[in-house]
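Residue numbers start from 1 in every chain, and the chains themselves are labelled A, B, ... in the order their sequence lines are given, proteins ahead of strands. These values consider heavy atoms only, across backbone and side chains, with no hydrogens, waters or symmetry-generated copies.
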Amino acid sequence: MVLISGNLLYAAFLLYLIATFLFSGAIRDKRKLYKNPSKWASAGISATFIGFAAHLGYFLTRWVAAGHAPVSNMFEFVTAFSMMFVVGFIILYFIYKVAVLGLFTLPITMLIIAYGSMFPKDITPLIPALQSDWLAIHVITTALGSAILSISFIAGVIYLLQSVNQEKQSKKTLWLEFIIFMIVTAAAFVLVTSAFRVLDYKAVYSWVDRENREAEVIYNLPALIGPNQGELLTEDAMTAFVEVPAVIDSVRLNTVIWSLVVGLLFYVIIRLVLKKRISAALQPLTQNLSLSLVDEIGYRSVTIGFPIFTLGALIFAMIWAQIAWSRFWGWDPKEVWALITWLFYAAYLHLRFSKGWQGEKSAWLGVIGFGIIIFNLIFVNMIIAGLHSYA
Amino acid sequence: MEPIICECGHFNPNGTVLCESCGKQIDKSDNQKSFDMRYEGSSRRSKTYKKTLIDKIWNFFSSVKVGIWIIGLILVASIIGTILPQQMYIPSSVSPSVYYSEQYGFFGQLYYQLGFHNLYGSWWYFLLLAALGVSLVVASLDRFIPLYRALKNQGVTKNERFLQSQRLFSKTNRLENNAEQRETLIKKIKEKHYRIREENGNLLAEKYRFSRWGPYVNHVGLIIVLIGGMLRFVPGMYLDETLWIRDGETSVIPGTNGEYYLNSEGFFLETYDNNQEDQKISESLSGAGNEATIRNYQTNTTLYKIEGQAMPGVNPELKKVKERQIRVNHPLRFDSYSIYQSSYKLNELNKMTFNLVDKQTKEQLGQIEIDLLEPQKTYDMGNGYRVEISEYFPDFYFNSDGQPATQTQSPDNPAFLFRLISPEHPEGETSFTAIQNTLEMSSDNTLRMDFENAETKNLSALRVRKDNTLWILLFGGAVFMIGIIQGMYWNHRRIWIRTTNDEIIIAAHTNKNWYGITKEINKILKDAHIEELADPNTKRK
Ligand code: HEM
């Protein structure tokens, strides 16, 4: 069962890849508002559907195999989020029939799936607090809400790719390149981690932790950054260049540095090949769209996603916290970051009432909002440990 | 001030921009090409009265910009609170003044001194939330009342300039078969669930007006939640106590005024392990390290209620209410109370047995069992042998003066100062006995206390909660959800049609989702062979 489940996830990944190519065939589409989408786009959305069916198949078979909703560790949560991302795309595609949305959403979906696969894929038993139907109810609703909100990021990027003037360098081109650089870095993380996994790289360090105890730590990437008073125990492994104090998690920092360095390398290579900014190279893909339509898509995704997010990440979360931890709200970092996300999108909705905040500024806000969602999804678990840190 | 009478005869409140009924521009100061339709050009207090202090405060809180600032400040403050763990998440054994600087150095020290270690409980965070509440009330009242009036009083016949300045507008010269064309148009509009009103050749089609109230409903929900949150400061609304209960013990439940008692039959802890029947899980476990993950912990309890009045000093008569296994996610509920499984301590020392031994002959002279929670003062062993406990340290350590002392009241490391009385030494010999080792005060003692064995018990921590604000919060949450869905998933759409002798004018307005309304109306117009609306998406680019 676990095997079938894993294969379905691969299938979904490949189908999304195919769908991306099909959607790219549709970018020349100069369709007006009420005409039917082109053949390419129809083929693209069909492939997306089949991919989604496989993705859902992965989810359900894993649910059966584990005996609980597969949303209890990082791998499961990230893949569930990516599935909801596709749901968000399908909903907005059916409202607006804009093929370019697929062209941008699906690669990001694949990247998220690949990212999730870097975490241990074992089915983990549930600790008592998680043994509740609310696990499925709360996490699935929250993931769906965040994923639909995240479509405003895709719309935002499309908007900015078109609207930002690439003729001359400016703050805007810089930030837009930064977004793209972050995406390249995420891809670099996946590639570096997979490469050393194939090589079966392992370096063991002994070190001294915060409570001054001796401990051992395993590096799966060559150590650039060593742990506090670290001593390499594995033979012929690389020794670290620098050592960090015990408060800092050296393994994670090491991974971040690897990803950034390799990401930068990739970025430079791509730029040398393209001979211009990546965002400038992507600009033509977005040329046929009306900016106000893209703006509307971003806004619509927020108006659809915000109620769902509120329900899942605040209301259901509080109900469950009351049952499991005896208090509905405890200012745990993960809870606070859900509140922050919610406040951010509330501010977004109100800002749109002001003149001048629709369009480009909204697009930037969509990007920032996604940054907050990803921060809460991934980094809060890693950096700020709390009750929710199941990573 | 006087109401303003419009050409069309409608009485408008002072401050009105567009006539509530016909939409004619009354306040000409804002002479733009297109009208601001956000609140129908109605008279809002904040836009009309700006003189007195009260006006100024009202206008301040009514501003959306101010509202966004408040939201933004709460957002930033909340972020700051997650940089380092809050006071409630640091070990309670260390003082925060020490903890932050020790763990996080200078930054931690600063964080602590700025009060960020208890940010969410600080007075200024509370003030920000209060400001949010005030702003919500004022901003909503400022807009809801005039908007409600304007939509209720709106007329079917609209001023021509009002129609022309709408974002969606089309003008078609009449064709021959105009009556028929009009019929189809109305029929098609009706099919889209619009309600239609007509008045001498003018037509108003409207739907989903209720969605306009969405924001106000959701703001009311938020206000209810905020009020509910503040109610927890009212005494009696809220209770949070911890009950440590040992296996077999019956204890009064704190916070229930001595009305309820709880008996623990025992505390259990189960882990996932490899020889469990649970195959699929053990498979993955063997792959992923061998740390035993906790599967379940629970306390089997019986709840009792006292009969009659609770009287101090008198053992109450108890009546059984129910039995329940309290587990995480499965609290025991009764009355307005809930009892949650929160924590535990396994194998706490409970009783200790010592032998009184003659040092020379190793002869055993007697045995005593000490209840570590309630030790007796003296234990008589007969034949003139007696042990007195002069001092008891449940959690023994040497304090900074090098004196024996106790850290806590729980028997984690018990130590005793015994006085050993025998026929040979009627005044007694002093012996200091700690669990790890026997320290002898004077080595010329003839008797000694030897540790024989110890009995342990499990200790379960239960959380006793009552929260009468929960229903208010849940209700507020429900109101919020209704309001937000009402406002987000529907839009208020209106179509005005005006037919004169030689032309048809069509204008339309929606409060959001222009794409949707354009598509919907154009489909209707196409079927009725009337010129389509200009696409606002290209028009506004
Ligand atoms: C976290 C707190 C808040 C939340 C979650 C919230 C939520 C909302 C939502 C969902 C809408 C509808 C938006 C739309 O239709 O696009 C809305 C509208 C509005 N909110 Fe808030 N709001 C909050 C705080 C505030 C505050 C503090 C003010 C004070 C100025 C305010 C003033 C308004 C106004 C004036 C509207 C527009 C009403 C209309 O269109 O008729 N909100 N709010």
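For B/Phe475, the CZ atom sits in a loose shell: 12 or fewer heavy atoms of surrounding residues, nucleotides or ligands are nearer than 6.0 Å. Within a 6.0 Å sphere centred on CG of A/Asn165, heavy atoms belonging to other residues, nucleotides or ligands number more than 12.
The candidate from B/Met481, B/His330, B/Gln298, B/Arg327 with the greatest count of non-hydrogen atom pairs under 4.5 Å with chain A is B/Met481. Top candidate by heavy-atom pairs under 4.5 Å with chain B, chosen from A/Gln322, A/Met318, A/Arg300, is A/Gln322. Among the candidates A/Tyr299, A/Phe344, A/Trp329, the residue making the largest number of heavy-atom pairs closer than 4.5 Å to chain B is A/Tyr299.
Heavy atoms closer than 4.5 Å to chain B are found in both the backbone and the side chain of A/Ile340. Residue B/Leu84: no heavy atom, backbone or side chain, is found under 4.5 Å from chain A. Heavy-atom distances place both the backbone and the side chain of A/Ile308 under 4.5 Å from chain B. Using a 4.5 Å cut-off between heavy atoms, A/Ile319 contacts chain B through its side chain alone, with no backbone atom that close. Contact of B/Leu269 with chain A is not made at all, since no heavy-atom distance falls under 4.5 Å. When heavy atoms are compared at a cutoff of 4.5 Å, A/Leu351 approaches chain B by way of both its backbone and its side chain. Using a 4.5 Å cut-off between heavy atoms, A/Pro307 contacts chain B through both its backbone and its side chain. Contacts of B/Ser338 with chain A are absent, with no heavy-atom separation under 4.5 Å from either backbone or side chain. If you measure heavy-atom distances from B/Leu119 to chain A, you find no contacts under 4.5 Å at all. Contacts of B/Leu470 with chain A are made by side-chain atoms alone, with heavy-atom separations under 4.5 Å and no backbone atom involved. Contact annotation for B/Gln103: both backbone and side-chain heavy atoms come within less than 4.5 Å of a heavy atom of chain A. Proximity to chain A (any heavy atom under 4.5 Å) is restricted, for B/Asp467, to the side chain, taken from C-beta onward.
Taking OG of B/Ser342 as the start and CH2 of A/Trp325 as the end, the distance is 13.0 Å to the nearest 0.5 Å. Here CD1 of B/Ile79 is found 9.5 Å from CG of A/Leu343. Values are rounded to the nearest 0.5 Å. Rounding to the nearest 0.5 angstrom, the gap separating the CD1 atom in A/Ile127 from the CZ atom in B/Arg295 is 14.0 Å. Note that NZ of B/Lys512 is 10.5 Å distant from CD of A/Glu296, once rounded to the nearest 0.5 Å. Between B/Ile74 atom CD1 and A/Leu339 atom CG the span is 8.0 Å, to the nearest 0.5 Å. Put simply, CZ on B/Arg465 and CZ on A/Phe328 are 9.0 Å apart, with the number rounded to the nearest 0.5 Å.
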For a side-chain hydrogen bond (donor to acceptor under 3.5 Å, both in side chains) check, start with the C-alpha distance between A/Trp134 and B/Asn329, then their side-chain angles and the critical distance, and finish with the verdict. CA-CA 10 Å; A/Trp134 285 102; B/Asn329 276 313; over 6 Å; no
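Contact detail for A/Val336 and B/Ser78: the closest heavy-atom pair is CG1-O, 3.6 Å. Counting all heavy atoms, side chain and backbone alike, B/Tyr89 lies closest to A/Gly330 at OH-O, 2.9 Å.
For the pair B/Met488 and A/Ile304, the minimum side-chain heavy-atom distance is 4.5 Å or more. At a threshold of 4.5 Å between non-hydrogen side-chain atoms, the residues B/Ile294 and A/Pro128 count as touching. Side-chain contact between A/Gln131 and B/Val328: absent, with no pair of heavy atoms (C-beta onward) separated by less than 4.5 Å. Between A/Trp342 and B/Leu75, every side-chain heavy-atom pair lies at or beyond the 4.5 Å cut-off.
Classified by interplanar angle (parallel below 30°, tilted 30° to 60°, perpendicular above 60°), the ring pair A/Phe306/B/Phe480 is perpendicular. The aromatic rings of A/Tyr96 and B/Tyr515 sit tilted, their planes meeting at an angle between 30° and 60°.
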